[in-house]
Amino acid sequence: MVNFQELDAKWQQAWREAKLFEAEPDGRQKFYLTVAYPYVSGPMHVGHGRTYTVPDVISRYKRMRGYNVLFPMAYHFTGTPIVGAAKRVARREPQFIKVLTERYGVSGDEFKKFEDPHYFANHWAKVSDLSYRKGMEWLGYSIDWRREFTTVDPHYSRFITWQYHKLMEAGLIVKGEHPVKWCPRCQNPVTDHDLLDGEGVGIVEFTLLKYRLGDYVLPAATLRPETVFGVTNLWLNPNVEYVLAEVDGERWVVSREAVEKLREQGREVGEVQKFSTRELMGKEIEVPLTHKRVLILPAPFVDPDNATGVVGSVPAHAPYDYVALLELQKKPEPLKQWGTDPAAVQKLGAISLIEVRGFGESPAVDVVKRMKIKSQTDPKLEEATAEVYRNEFAKGVMRDWVPKYGGMQVSEAKAQVRDDLVFSGEAAAMYEFSAKPVTCRCGAKCCVRLVKDQWFLNYADEAWKEKARACLAQMHLVPPETRAQFEHVVGWLHEWPCTRHIGMGTVAPWDSNWMIESLSDSTIYMAYYTVSHILKTVEPDKLTDEVFDHIFLGKGDAAAIARVTGIEEQKLRAMRGEFEYWYPLDYRMSANELIPNHLTFFTFHHALLFPQKHWPRGIASFGIAVLEGQKMSSSRGNIVAINEAVRKYGADAVRLYLMSTVEPWQDFDWRAHEADAMLRHLERFYAQAQEIVALPAPGRPSLGLPERWMLSKLQRHVREATEALEGFEVRKALQHALFSLMQDLRWYLKRARGDEACAYVLKRVLDTWVRLLAPFAPHTCEELWHQMGKEGFVSLTPWPKVEEGIIDRAAEFAEDYLAGISDDISNILRAVKIERPTRICLYVAQDWKWRAYRMALERVRAGRVEVKELLREVERGLGLRLYTADLAKFLHRVVQEFRAMHEERLAELAGVELDEFQVLFDATGFLSKQFGAGVKIFMADDATRYDPQDRAQLSKPMRPAIHVE
RNA sequence: GCGGGGGUAGCCAAGCCCGGUUAAAGGCGCCAGACUCAAGAUCUGGUCUCGUAGGAGUUCGGGGGUUCAAAUCCCCUCCCCCGCACCA
């Protein structure tokens with residue numbers, strides 16, 4: 001049994017000592033690729049392994065193609081999840097602690113240190129056996145480790161400072177306000193990771209329509225301001241507490257719960273006093289915009305904790321409103337209690353203002369009837385509301401009677417009405433969670449806070465978008481289908497909040513209250529890699545904007561900058577040289593899910609900050625990874641860590657497996673038993689290779705058909721694998737480089753005689769094979785290369801070239817023919833249920849059939865064929881008259897077959913000379929071994945043939961007749 | 001809802017752009033045989049249905065169409081996945 005782990009260590013050390021992957025600019029053509037650096041909040045698992053093995057395979061392949069390849073790596077520390085995780089440790093959250101100790105081997109005495117986010121991140125970046133650095137080393141990645149960094153290194157912060165100065169100068173950083181989830185107790189914004197409850201809950205914008213009664217304002221919250229034209233009344237919940245509050249100088253009546261929310265959302269809230277809605281019930285109030293007067297009525301369904309607790313009623317388009325109104329009309333008793341006239345309520349009816357295909361006059365009425373909803377507490381109302389809302393928004397049109405907005409699409413009218421009302425002061429905005437509850441890990445109930453003075457990157461800027469489009473247009477995208485999505489995102493992207501108050505990162509250069517957020521500090525770090533190893537040798541405070549201007553934009557004079565900053569001139573020149581050598585980036589790789597943000601930001605920032613000649617050349621987007629069909633989650637511990645996988649299978653089997661089942665852009669599923677199987681494949685390959693290595697060195701023997709076939713197929717696999725790798729199709733490449741080649745070799749070994757020619761072929765195959773697999777299984781291939789007595793590292797050996805001269809179409813044709821005959825025999829044996837045949841006879845079509853066959857073939861290729869005509873022609877050509885009936889039947893069959901064939905196949909048949917008898921005769925030994933029977937080959941017209949069933953007459957060219965017994 | 005991507009045999013997946021060489025590569029799983037004291041590994045064969053002759057029949061989410069011919073082209077429909085912003 002091979003100890004792959006030993007091979008891994010041996011060759012990793014050899015590479016390290018030879019500094020094999022430390023890339024320096026030189027005269028060769030360069031190839032520079034990067035993959036999104038990991039966000040180090042937990043262990044490196046096989047999902048990450050898939051993501052990072054792809055670029056390594058491509059790097060190794062390109063290196064063998066003669067490129068000077070740079071493949072660097074760093075660690076993303078910026079942002080909140082690491083801080084959040086450290087907080088969870090600080091709180092000693094039992095579940096999290098359990099995973100850390102039991103699953104990830106963190107010892108109890110380390111917890112104190114883990115409370116420091118920096119320590120926590122560093123642990124997963126480089127320290128732990130489960131860390132990214134170690135995982136990547138164990139997998140044998142060809143990374144230039146001298147260039148690694150973290151995004152909180154002071155040098156990197158200087159770089160981000162430079163970048164944001166540039167963006168500020170370009171006027172692309174703007175100020176605005178922005179709603180966030182907020183914990184009132186922690187006095188902090190909260191991310192999903194900080195939540196006990198409410199993960200993934202969105203924030204929706206309500207419009208508060210200001211209904212007026214005297215100097216009271218009742219701000220009714222709605223998601224559908226366009227329905228203001230259909231309002232029949234206002235709802236207040238008679239069972240809950242309302243208050244009268246001074247809000248922005250107006251006297252607002254809202255639920256008790258709403259007050260704090262309004263305050264968080266930046267409204268001036270003055271005196272708040274208890275308020276009895278009794279004095280309002282049954283009164284008339286003025287609707288904004290329409291200035292209609294409607295009744296204020298009681299409705300228990302109104303939720304005081306949703307927005308303001310004041311709701312306008314639009315029965316035609318809101319199922320809740322319709323049902324509540326029906327209930328009041330049926331049971332008017334509560335009305336009397338409030339002194340309201342039931343007759344007035346009876347008169348109220350649905351006012352339809354939206355027309356929707358597939359619904360009647362009032363969609364809400366339709367749906368309520370269809371779903372048989374009787375009460376406003378019926379949970380089915382949620383579903384009914386969703387259905388009405390969805391349909392009206394998507395397909396609805398404002399009815400003609402509606403002033404100004406009549407005829408408009410609902411989706412358009414909604415925004416228009418809102419904007420108009422906000423502008424006129426008749427409405428305001430309020431944010432609310434799309435679902436509840438939302439609870440912080442500290443236990444407090446969260447709310448929506450409107451953050452003022454938030455900084456945005458203005459991706460809405462049209463000139464910037466144009467540059468991004470131009471950059472996108474010149475990039476090669478893998479897979480090409482992603483282009484539509486990219487283009488769409490560029491158009492749709494608008495202001496992106498680029499700063500945060502919490503988390504690790506670089507302080508915003510213009511406002512020290514803020515930090516640059518994680519997706520905004522990782523847009524151009526590919527440029528940083530080109531010089532990071534030299535930057536490390538410079539004091540960070542010497543890294544002024546002038547330095548980066550010089551390195552990346554060629555501004556200024558190295559000598560002068562050296563004088564001002566105190567950085568050695570030679571270092572400045574070296575850095576400028578590195579950047580100019582490596583840039584532009586050839587490929588950026590990242591996940592599919594990052595297309596709408598990171599990958600598009602990357603495009604925007606490069607397009608803006610760098611001259612066109614330094615724009616990136618390509619993007620490859622990858623699919624996600626799951627574990628036995630289940631989502632992997634580091635924080636819950638259901639992962640296969642790289643460390644575990646490599647210990648079990650060795651680096652190469654893991655790499656091969658990760659590359660073999662799907663292409664990079666497809667979703668990957670890790671299944672242990674398939675990984676097991678891959679290890680066995682690798683072992684088989686290794687054993688096979690060693691057998692070949694052990695064969696005595698052959699001379700230059702002459703080659704038989706199987707030999708020529710094997711070498712020809714080898715060339716085909718080289719070609720296929722090469723083309724596949726050029727398109728990042730690692731699975732397809734492996735399909736050829738590993739599986740197909742293995743299969744062909746098996747066939748060849750059955751056919752071969754084990755002579756000198758065989759040894760010669762096997763050695764040649766192995767020489768190519770090891771190189772084909774080297775990008776995928778570098779350790780095993782290095783070892784074999786060494787065992788083969790080759791000089792140097794296979795990692796730097798030229799990639800195999802397709803030797804056109806060795807492609808032997810005739811040999812492939814003959815061998816395919818033979819395999820087909822072998823299959824036919826098996827098929828017959830199965831059909832007649834003979835398991836152990838004693839005798840097999842093959843009858844090869846005689847000369848006249850071949851000549852007729854060729855004539856028919858030519859006629860079919862030339863165009864339309866009349867069998868009658870062809871028959872005459874063939875008779876003439878063959879000088880045969882006696883067999884007209886047979887000939888006619890034969891030609892008919894043959895022509896029919898040809899007609900169903902592809903042009904290419906016909907051309908091939910016409911172009912190849914095949915001596916059927918010779919091929920079969922030479923393969924007699926092989927066939928009789930295959931079937932364990934005596935095998936005889938006859939010409940069909942051989943008078944002395946053994947043919948008890950008179951089968952010979954059935955022979956056709958390419959289909960010899962067969963007799964078995 | 002919007003934008004993007006998919007639905008192929010027990011599972012994963014190729015093929016689809018450029019219709020015929022495709023009952024449809026390869027891997028996994030499963031079955032049988034060889035080897036072995038046995039198991040595992042390995043090797044060989046099989047794995048839609050039927051078949052005493054290399055064949056026939058029915059398949060590529062569902063329905064319809066174009067064509068001599070459709071997994072592949074067109075139309076309709078159902079279902080699944082990803083993203084939709086402060087989450088990296």
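As the structure is a computational prediction, the values presented were derived from the model and not from experiment. Every chain is numbered from 1 and lettered A, B, ... according to where its sequence line falls, protein lines coming before strand lines.
Between G27(B) and K732(A), no contact under 4.0 Å exists linking OP1 or OP2 to a side-chain N or O. The shortest distance between the side-chain N/O atoms of R959(A) and the OP1/OP2 oxygens of G55(B) is below 4.0 Å. Using a 4.0 Å cut-off, no side-chain N or O of S826(A) falls inside it from OP1 or OP2 of G45(B). OP1 or OP2 of A14(B) lies within a sub-4.0 Å distance of a side-chain N or O belonging to Q666(A). At the phosphate of A88(B), OP1 or OP2 sits under 4.0 Å from a side-chain N or O atom of S518(A).
Among the heavy atoms of the strands, none lies under 4.0 Å from V489(A). P960(A) comes within contact range of at least one nucleobase, with a heavy-atom separation under 4.0 Å. Nucleic acid contact class of S740(A) (heavy atoms, under 4.0 Å, all strands): none. Heavy atoms of N597(A) sit under 4.0 angstrom from at least one base atom. Across all strands shown, A687(A) has no heavy atoms under 4.0 Å from either base or sugar-phosphate atoms. In this structure, V626(A) reaches neither bases nor backbone, as no heavy-atom distance under 4.0 Å exists between it and the strands shown. Using a 4.0 Å heavy-atom cutoff across all strands shown, K929(A) reaches no nucleic acid atom at all.
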Under 3.5 Å, N/O pairs linking protein and nucleotides 41-43 of chain B:
residue: U42(B); atom: OP1; partner: R680(A); partner atom: NE; Å: 3.1
residue: C43(B); atom: OP1; partner: R684(A); partner atom: NE; Å: 2.8
residue: C43(B); atom: OP1; partner: R684(A); partner atom: NH1; Å: 3.2

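For the pair W496(A) CH2 and C87(B) P, the interatomic distance rounds to 9 Å; values are reported in whole Å. For the pair I624(A) CD1 and C81(B) C1', the interatomic distance rounds to 8 Å; values are reported in whole Å. Atom NZ in K631(A) sits about 12 Å away from atom C1' in C81(B), given to the nearest Å. Regarding E674(A), its CD atom lies at a distance of 16 Å from the P atom of G26(B), rounded to whole Å. Going from atom CD of E729(A) over to atom C1' of A14(B) covers 11 Å, rounded to whole Å. As rounded to whole Å, 13 Å separates atom P of C50(B) from atom CZ of R830(A).
Nucleotides of RNA chain B nearest to R951(A) and T482(A) differ in position, and the one nearer the 5' end is that of T482(A). Place E965(A) and Q743(A) on RNA chain B by their nearest nucleotides, and Q743(A) ends up nearer the 5' end.
Ion pairing of K414(A) with E226(A) is absent here, as no side-chain N (NZ or NE/NH1/NH2) approaches a carboxylate O to less than 4.0 Å. A salt bridge does not link E815(A) to K713(A): none of the charged nitrogens lies less than 4.0 Å from a carboxylate oxygen.
Sequence neighbours left out, not one pair with a member in residues 482-497 of chain A passes salt bridge (charged side-chain N to carboxylate O under 4.0 Å, His left out).
In a base pair of the Watson-Crick type (N1 to N3 plus N6-O4 or O6-N4) or a G-U wobble (N1-O2 and O6-N3), with each distance short of 3.5 Å, C87(B) is matched with no nucleotide. Here C37(B) sits opposite no nucleotide as a Watson-Crick or G-U wobble pair (both hydrogen-bonding atom distances under 3.5 Å). Nucleotide G19(B) is matched to nothing when pairs are restricted to Watson-Crick or G-U wobble geometry with both distances under 3.5 angstrom.
Applying the salt bridge (charged side-chain N to carboxylate O under 4.0 Å, His left out) rule to E908(A) yields the partners R809(A), R905(A); only residues at least two apart in sequence or on another chain are considered.
Looking only at atom types and distance, the side chain of T499(A) has a donor-acceptor partner in the side chain of Q454(A) under 3.5 Å away. A donor-acceptor pair shorter than 3.5 Å cannot be found between the side chains of D521(A) and T506(A). In the model, E916(A) has a side-chain atom that pairs as donor or acceptor with a side-chain atom of Y817(A) under 3.5 Å.
Counting only heavy atoms from C-beta on, Q949(A) has its side chain closest to A53(B) among G83(B), A13(B), A53(B).
Aromatic ring pairs are classed by plane angle as parallel below 30°, tilted from 30° to 60° and perpendicular above 60°; the pair W124(A) and F120(A) is perpendicular.
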